[in-house]
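Input: a single structure, listed below in C-alpha cells.
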Amino acid sequence: MLQIPYLRDHREIAIKALTTKKLPHAAQTLDALFKLDDERRRVLTLCEHNQATLNQQAKAVGLAMKNGLPQEAEKIKGEVAVLKEQTAALGAQVQALEGEIHQQLVRLPNLPHKSVPEGNGPDQNEVVLLSDPNAENIQRPQPHWDLATQYRLIDFELGVKVTGAGFPVYTGQGAKIQRALIQYFLDFNTAAGYTEIQPPILINEDSGFGTGQLPDKEGQMYFVTEDRLYLAPTAEVPVTNLYRDLLLQENDLPILNTAYTPCFRREAGSYGKDVRGLNRLHQFDKVEIVQIVHPDQSYAILEVMKNHVAQLVTSLGMPFRILRLCGGDMGFASALTYDFEIWSAGQGRWLEISSVSNFESFQTNRLRLRFKEKESGKNRLAHSLNGSALALPRILAALLEFYQEEDGIRIPDALLPYTGFTKITRPSP
RNA sequence: GGUGAGAUGGGUGAGUGGCUGAAACCAACAGUUUGCUAAACUGUCGUACGGGAAACUGUACCGAGGGUUCGAAUCCCUCUCUCACCGCCA
C-alpha cells in the first residue's frame, strides 16, 4: 500500500510510475485522493478541537464534584450535551472518509522502480541475461508429458480421478526426484544463510491482505468457506506474514527465510498449451526465499538474490534467461521484478521458474512491519523481497526434456547426492 | 466441542470510574567512571494521526468491536486469541 504523504510530495513521479503500471487516469485518481485527504484533515481538526473541549469539561465536572458543588457539575453536564453530539457526528464523518481513502489507496499498485522499462506485456520485457546464446536452437524429441508417462513418473489421469485436472500424481522415481529437488533447493538456500521455515499453508484474511493478494485477487485462491481460510498460493504469504505487526531493532535486519510449501492456484481461465503437462498446475511445489531488509539496502539485496537464484539454476546445467519485467507485466505489489525462464527443449519455449521481486515498503506498510533506526531513532518501514528458488514443476519439465537420452533420463550432477540414482530408467513392461 | 482463568508499552508486569499515556523492572539509546570488554552510576526512552518553520502542542490507542457515563485500561455486551482441565484425535 502506498502512502499519501509520499504521493503528495512526489505527485509527478507517482503519476508517471502509475501510468507505467497501466493504471488508467493516474492523475485524476491521485488528485481525487488528495482532495479526500484534505477533507479528512479538515474534519479531523474540528473533531479533535471539540474533543479537547469535552475533555476539559469532563475534568471540570470532576473538580466540581470534588469541591462539593453538585449543581455546578450538573450545569456543565447540560452544556456539554450538544457539543458531544456534534463531535460524534464529526467523528463518524472522519471514519467514513478514512474508509473511502483506504479503499482507494488499497487499489493502487506499487510504483515501479525507475529502471523498469515501459511496456504492455511479455514482449517488452528486457532480457538481462541469456545463459547460452544458442539456447533456442536446442531441440529434444519428446515433450515432458510423454516422457513422464513413458517412464511412469507422473500420472495425470490418476490426479483427475482423485481431485481434478491440474493435480498430478507423482510416482516412483518421479516422486523421488521431486523430493530430491526440494531438498537440494533448501540445502542450497540454507547454505547461503537463509533460515528454513515450515509455515502453515492455510492463511487467514489478514495475511492475504498483508502481502497484497487481498482484496481483488480472491479469484486466484482456493477458499475454505467453513473456516474462512485461503490455501496459500505461495509461501511468500505465510512467511512474510510471520513478521506482521512488528517493531524490529535495526540489527535484527536483514532477515532471511526459505520455505518449501505446496502452492495452490485456481488459475481460472487458463487453457491450451499453457496448461499441458506440468506447464501450469493447481497444486505445485515451490521453495521460496524471503528477505526483510533495511530500506537503504533493498536494491543491492535484490541483486544478491537474483545472483543466488542464477547460481542455483546454473547448477542444474540447463539454459535459462533472466528478464527485467516491464511495467505492464509486473505484479501489483512489486517495484522491480526479475523473472527467470528455463528453456523447455521438448516444447521449444521458455518457461517461468522464478520471479524475484523487491516490494520496497508496499507490503511492509500493509503489514505494519517497521524497525527502529539507530541513527535517527525513528521508526521506518522495512523493505520486503522474495523470490522462488525454485518452482518445481517447470524445472522438472525442462529437466526431463533436456536430459532425455536413448536409454533413460540422466540426472544432473548437483542432484545425484539426493536422488541416489544417476538415471531414470524405463520401467519393465 | 465443554468449563474456568486471562490478554496492559520492544519484553516481564502493577494498576478496578477522574492529576494514569500508564508504576516498577528488563532491554534499547546517550553520558560519567574504568586500561579494552564487562560492571556501576546518571539521564533519555510507546505508537499513530492532526496543527506548527521550530520549540512545542492536540487527539486517539491498555486483544478487537460496540455500549453505559460529564468522564472508562478500570463497569456491561459481542467476538478473537492464549493458558488450564475435560471430551475427541494423527
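Residue numbering restarts at 1 for every chain, and letters A, B, ... go by the order of the sequence lines.
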Problem set entry | Lys/Arg N to Asp/Glu carboxylate O, A:Arg380 vs A:Asp296, below 4.0 Å | yes
Exercise. Considering only side-chain heavy atoms of A:Asn379, which listed nucleotide, B:U69, B:A48, B:G58, is closest?
Worked result: B:A48
For this session: Considering only atom C1', compute the distance from B:A73 to B:G18 and round it to an integer number of Å.
Result: 13 Å
For this session: Using both distances under 3.5 Å as the test, list the Watson-Crick or G-U wobble partner of B:G6, or none.
Result: B:C81
For this session: Answer with base, sugar-phosphate or nothing: what part of the nucleic acid does A:Gln51 contact at a heavy-atom distance below 4.0 Å?
Result: sugar-phosphate
For this session: Specify the separation, in whole Å, of atom CG of A:Leu381 and atom P of B:U47.
Result: 14 Å
For this session: Mind calculating the distance between NZ (A:Lys378) and P (B:C49) to the nearest angstrom?
Result: 12 Å
For this session: Counting Watson-Crick and G-U wobble pairs only, both distances under 3.5 Å, name the nucleotide matched with B:G1, or none.
Result: B:C86
Problem set entry | Most 5' of A:Arg41 and A:Gln95 on RNA chain B, judged by nearest nucleotide | A:Arg41
Exercise. Which value, in whole Å, describes the distance between the C1' atoms of nucleotides B:G87 and B:G2?
Worked result: 8 Å
For this session: Report the distance from atom NZ of A:Lys59 to atom C1' of B:U59, rounded to the nearest whole Å.
Result: 13 Å
Exercise. Taking the P atom of each, how far is B:C45 from B:U57, in whole Å?
Worked result: 13 Å
Exercise. What distance, rounded to whole Å, do you find between the two P atoms, one in B:G11 and one in B:C62?
Worked result: 15 Å
Problem set entry | Spacing between A:Arg228 atom CZ and B:U80 atom P, to the nearest angstrom | 12 Å
Seminar exercise, completed: By nearest-heavy-atom nucleotide on RNA chain B, the more 5' of A:Arg370 and A:Asn55 is A:Arg370
For this session: Scan every strand shown for a Watson-Crick or G-U wobble partner of B:A40, both distances under 3.5 Å, and answer none if you come up empty.
Result: B:U32
Exercise. Between A:Phe362 and A:Phe332, what is the ring plane arrangement, given parallel below 30°, perpendicular above 60°, and tilted in between?
Worked result: perpendicular
Problem set entry | Lys/Arg N to Asp/Glu carboxylate O, A:Asp37 vs A:Arg40, below 4.0 Å | yes
For this session: Provide the Watson-Crick or G-U wobble partner of B:A24, both distances under 3.5 Å; none if there is no partner.
Result: B:U12
For this session: Just compare B:U69, B:C19, B:G50 and give me whichever is closest to any side-chain atom of A:Leu63.
Result: B:C19
For this session: For B:G10 and B:G63, measure between their P atoms and round to the nearest Å.
Result: 13 Å
Exercise. Is B:C70 paired to anything, Watson-Crick or G-U wobble with both distances less than 3.5 Å, and if yes, which nucleotide?
Worked result: B:G18
For this session: Could you work out the separation of B:C83 and B:U74 based on their C1' atoms and round it to a whole Å?
Result: 23 Å
Exercise. In whole Å, what separates the C1' atom of B:U47 from that of B:G21?
Worked result: 11 Å
Exercise. Is A:Arg394 reaching over with its side chain to a backbone N or O of A:Glu352, donor-acceptor style, under 3.5 angstrom?
Worked result: yes
For this session: Looking only at side-chain atoms of A:Ala58, point me to the closest of B:G10, B:C70, B:G50.
Result: B:C70
Exercise. When the distance from CG of A:Asp38 to C1' of B:G50 is rounded to whole Å, what number comes out?
Worked result: 13 Å
Exercise. Taking the six-membered ring for Trp, are A:Tyr194 and A:His308 parallel (under 30°), tilted (30 to 60°) or perpendicular (over 60°)?
Worked result: tilted
Exercise. Could you state the CG-C1' distance from A:Leu248 to B:G46, rounded to the nearest angstrom?
Worked result: 16 Å
Exercise. Taking atom P of B:G17 as reference, at what distance in whole Å does atom NZ of A:Lys77 sit?
Worked result: 17 Å
Exercise. Whom does B:A60 pair with, Watson-Crick or G-U wobble, provided both distances fall under 3.5 Å?
Worked result: B:U47
Exercise. At what distance, to the nearest 0.5 angstrom, does CG of A:Leu312 lie from CD1 of A:Ile395?
Worked result: 7.5 Å
Problem set entry | Nucleotide nearest A:Lys372 (side chain, heavy atoms from C-beta), chosen from B:G46, B:G50, B:U59 | B:G46
For this session: Take atom CD of A:Glu98 and atom C1' of B:U59, then tell me their distance rounded to the nearest Å.
Result: 12 Å
Exercise. Using the P atom in both, what is the distance from B:A14 to B:C25, to the nearest Å?
Worked result: 15 Å
For this session: Quick one: label A:Ile76 by what it contacts on the DNA or RNA (base, sugar-phosphate, nothing), any heavy atom closer than 4.0 Å.
Result: nothing
For this session: Report the distance from atom CZ of A:Phe185 to atom OG1 of A:Thr190, rounding to the nearest 0.5 Å.
Result: 13.0 Å
For this session: Pick base, sugar-phosphate or nothing for A:Arg368, based on heavy-atom distances below 4.0 Å to the nucleic acid.
Result: nothing
